[in-house]
Amino acid sequence: MTTKPIHLIGVPMDCGKRRRGCLMGPDAYRTAGLSESLIDLGHTVTDTGNVQPGAFAPEAKDTHLHALNETVAWTRALQKSAEAAMADGLPIFMGGDHALSAGTVSGVAAHAAREGRPQFMLWLDAHTDFHTPGSTDSGNLHGTPVAYISGQKGFDAFPPLPAAVPEENICLLGLRSVDRAERAAIEKTGIHAHDMREIDEHGIARPLAAFLDRVAAAKGMLHVSLDVDFLDPDVAPAVGTTVPGGATVREAHLVMEMLYDSGLMTSLDLVELNPFLDTRGRTAKLMVDLAASALGRNIFDRVTRSYS
Ligand code: MG
Ligand code: MG
């Protein structure tokens with residue numbers, strides 16, 4: 001079990017796409033009892049309040065990118081707060097939309113570089129989020145953080161990366177909405193990408209266990225980024241980008257339980273929760289339960305069997 005104190009960091013970032021609502025995410029996690037659930041498990045938990053972006057210039061009218069300047073300001077602020085939080089704790093970033101990961105992951109990667117340890121990243125998502133500002137048709141920058149974090153070209157407006165996460169240290173799990181161009185782009189990289197068909201055929205434990213073995217062998221630090229749309233919309237409706245055929249409740253808990261057993265997770269994002277679309281808080285509660293599983297909650301104690 002992690003002995004580091006947990007820092008809950010609110011990130012009411014809502015500019016990574018046009019549909020509003022993720023700014024309410026941090027307070028939905030607070031209302032659903034994230035802090036209390038982790039304290040119950042024996043953790044020391046501090047809610048450090050919400051991060052805010054610094055000042056930013058008015059958005060240009062002639063760009064297809066939505067809220068570029070605001071997103072860049074958030075990225076800069078989050079890089080700083082993520083790097084600082086890593087000094088003495090395990091940060092959980094309560095989003096906010098997925099554009100926030102450009103800041104959180106680059107911040108934790110800067111910390112890992114200073115420690116002389118490799119940074120790894122597990123991306124639990126229906127989408128690859130591997131567009132660049134040049135390739136995105138929608139102009140929604142929540143579809144770009146994996147490209148930024150891994151050091152792809154085209155992010156000149158963003159802060160320079162303190163330390164890119166190497167492609168081969170990135171695992172995308174749960175994919176089911178990837179267009180042909182994105183698939184071709186991912187296949188040219190060293191990124192490990194696992195879609196729902198692979199999970200259906202072989203189970204979710206197999207690709208995850210292989211990835212965790214690599215993290216352990218490299219003595220790496222592991223950032224986990226959990227997008228609500230990793231889950232099936234039947235169980236997690238509170239997200240603006242629902243895609244049918246997602247992870248079940250048990251598949252998601254298994255991922256979290258394996259992460260806890262591995263002892264490898266050093267930081268966590270909870271992203272894309274849009275409480276405006278939720279049904280009586282059920283998605284917020286499920287995300288809180290998943291975070292608790294990643295930090296030590298068991299559904300059942302396992303009885304050790306003897307075969308002798
Ligand atoms: Mg995403
Ligand atoms: Mg997604």
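Since we're looking at a predicted model, the values are computed, not measured. Because only heavy atoms are used, hydrogens play no part in the values below, and waters and symmetry mates are left out as well, while side chains stay in. Counting starts at 1 for both ligands and their atoms, in listed order.
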Cationic N near anionic O, under 4.0 Å, R30 to D47: yes

Got an N, O or S from H142 under 2.8 Å of the Mg ion (ligand 1)? no

Taking the hydrophobic residues Ile, Leu, Val, Met, Phe, Trp and Tyr, and joining any pair whose side-chain heavy atoms are under 4.5 Å apart, which ones share a cluster with F93? I9, V11, M13, V51, W74, L78, L100, V271

Are any of the side-chain nitrogens in K153 or D156 under 4.0 Å away from the carboxylate oxygens of its partner? no

If I take every N, O or S atom of D129, is at least one of them less than 2.8 Å from the Mg ion (ligand 2)? no

Starting from the C-alpha separation in whole Å, work towards a yes-or-no answer on salt bridge (charged side-chain N to carboxylate O under 4.0 Å, His left out) for R250 and E257. CA-CA 10 Å; R250 269 311 307 158; E257 289 157 358; 3.0 Å; yes

Is the Mg ion (ligand 2) less than 2.8 Å from at least one N/O/S atom of H127? yes

With a cut-off of 2.8 Å, does D125 put an N/O/S atom close enough to the Mg ion (ligand 2)? yes

Residue H98 atom name (nearest to the Mg ion (ligand 1); N/O/S): ND1

Of all the N, O or S atoms in D227, the one nearest to the Mg ion (ligand 1) is OD2

For the pair F158 and F155, name the ring-plane relationship: parallel under 30°, tilted 30 to 60°, perpendicular over 60°. perpendicular

Shortest-distance N, O or S atom of D229 relative to the Mg ion (ligand 2): OD2

Tell me whether R297 is salt-bridged to D289, with the criterion being a basic N under 4.0 Å from an acidic carboxylate O. yes

